[in-house]
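Heads up: the structure comes next, in structure tokens.
These numbers come from the heavy atoms of this one structure, side chains and all, not from hydrogens, waters or symmetry mates. Lettering follows sequence order; numbering is per chain, from 1. Please read these numbers as outputs of a predicted model, since none were measured by experiment.
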There are 2 protein chains.
Amino acid sequence: MEFHTDFKPITVQPQEIEERSFEMITEELGEHPFTPEQYPVVQRVIHASADFELGRSLVFHPKAIEAGIEAIRAGCKIVADVQMVQVGISKPRIEKFGGSVHVYISDKDVMEEAKRLNTTRAIISIRKAILEAEGGVYAIGNAPTALLELIRLVKEGAAKPGLIIGVPVGFVSAAESKEELAKLDIPFITNIGRKGGSPVAVAALNAISLMAERLG
Amino acid sequence: MEFHTDFKPITVQPQEIEERSFEMITEELGEHPFTPEQYPVVQRVIHASADFELGRSLVFHPKAIEAGIEAIRAGCKIVADVQMVQVGISKPRIEKFGGSVHVYISDKDVMEEAKRLNTTRAIISIRKAILEAEGGVYAIGNAPTALLELIRLVKEGAAKPGLIIGVPVGFVSAAESKEELAKLDIPFITNIGRKGGSPVAVAALNAISLMAERLG
């Protein structure tokens with residue numbers, strides 16, 4: 001492959017951009033209700049969305065950060081609801097501790113079972129996940145039905161996630177699914193309202209894995 | 001794989017959720033300045049972000065929709081700036097016309113060249129894209145440096161994209177890169193401000209490929 005190597009290089013580095021962005025976020029956010037452990041998640045969510053309202057709408061179970069760090073350091077599996085979340089998650093920090101990132105929604109057995117039961121692939125992918133990734137961290141950015149199914153399985157005692165990051169975006173069931181998640185007394189990170197999405201789930205997970213890595 | 005098949009299926013279908021969401025968006029958005037050709041893009045961006053402010057911030061070159069439909073129907077290549085955009089794009093509608101979706105940012109030659117020139121992989125990935133995907137549609141949701149480089153190459157006459165969807169999110173250079181894009185007299189879709197992101201780029205591209213498909 002021949003590049004046009006006579007082009008003048010632009011010297012801004014991604015690392016510099018990120019650092020400057022984080023400073024701007026802290027400055028513009030001002031006072032906030034988050035703990036020092038929660039703040040890196042809030043900061044990275046605002047960085048990924050440029051949306052302070054979305055950052056301020058985050059809600060944390062008191063044990064969320066601690067539990068997420070513990071699960072990642074124990075090498076637990078990470079379950080993404082959709083491929084956009086899966087590809088966004090920084091892998092080296094997960095793999096360093098023996099973990100791995102999974103998405104089941106396009107698996108052949110999941111598609112067949114969803115068709116047979118006339119339900120969504122998102123729901124069936126969660127039923128597969130609880131069998132394949134016991135104690136794992138769930139990053140749900142897209143599918144409210146996946147989050148609602150996971151909540152139901154937790155209530156039934158069939159699922160024991162290490163942490164649920166549940167931030168689906170949308171107009172139908174998204175806000176409601178997050179309200180249900182916020183009622184559970186297990187580690188969760190969620191937000192209030194319709195906003196959310198794959199980059200929000202990715203940002204939260206990556207912030208936690210970075211904290212896990214920095215513990216050494 | 002053995003599923004818990006005794007679970008009661010939830011019968012909400014993704015198609016129903018989408019239709020109901022689109023109705024809600026049209027109702028809540030009310031009056032807007034967009035043409036009937038532009039509106040499906042606006043609607044799908046709001047659907048992906050639950051953010052009316054973001055939807056209203058979209059800016060279209062007068063020929064954007066027409067040019068995008070034409071490029072897709074001609075089987076032109078689609079270039080995504082990052083993998084999150086690449087995986088989000090609906091492939092069957094692109095492939096039906098002989099097109100394909102590409103992301104160059106993690107290619108070995110791109111990484112080596114970026115290192116050699118001490119610049120970003122995003123910039124070098126665009127230099128590769130203009131050689132590999134002449135006349136293609138660019139979907140840039142993440143990297144302002146990629147968008148700025150593409151704009152520079154257009155101005156120099158080295159790049160002739162069919163359509164640029166340029167909606168990077170962020171605090172450093174994102175808004176500025178989109179202002180520069182909006183000054184070009186070539187087909188573009190962008191938005192004003194810091195917001196944007198991979199789901200926005202994906203939503204815009206998918207809305208256009210759906211229009212391309214519906215022409216038969």
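By the ring pair (Phe, Tyr, Trp, His ring centres under 6.0 Å) test, Phe34(B) pairs with His32(B), Phe60(B), sequence neighbours left out.
Considering every non-hydrogen atom in both Ser198(B) and Met84(A), the closest pair reads CB-CE, 3.9 Å. The two residues Gly170(B) and Ala50(A) have their closest heavy-atom pair at N-CB, 4.3 Å.
Within 6.0 Å of NZ in Lys115(B) there are 12 or fewer heavy atoms belonging to other residues, nucleotides or ligands. Around the CD atom of Glu27(B), the shell of radius 6.0 Å holds no more than 12 heavy atoms that belong to other residues, nucleotides or ligands.
Once rounded to the nearest 0.5 Å, the distance linking CD1 of Ile17(A) with OG1 of Thr120(B) reads 7.5 Å. Summarising the geometry, atom CD belonging to Gln83(A) is positioned 7.5 Å from atom CD belonging to Gln83(B); distances are rounded to the nearest 0.5 Å. The OG atom of Ser173(B) lies 11.0 Å from the CZ atom of Arg20(A); values are rounded to the nearest 0.5 Å.
Of the listed residues (Ala122(B), Ser49(B), Ala143(B)), the one with the most heavy-atom contacts under 4.5 Å to chain A is Ser49(B).
Using a 4.5 Å heavy-atom cutoff, the side chains of Glu53(B) and Glu53(A) are not in contact. With a 4.5 Å cut-off on side-chain heavy atoms, Glu16(B) and Val172(A) do not count as touching.
With a 4.5 Å cut-off on non-hydrogen atoms, Met24(B) touches chain A through its side chain but not through its backbone. Using a 4.5 Å cut-off between heavy atoms, Val202(B) contacts chain A through its side chain alone, with no backbone atom that close. For Ile46(B), the parts sitting under 4.5 Å from any heavy atom of chain A are the backbone and the side chain alike.
Aromatic ring pairs are classed by plane angle as parallel below 30°, tilted from 30° to 60° and perpendicular above 60°; the pair Phe171(A) and Phe52(B) is perpendicular.
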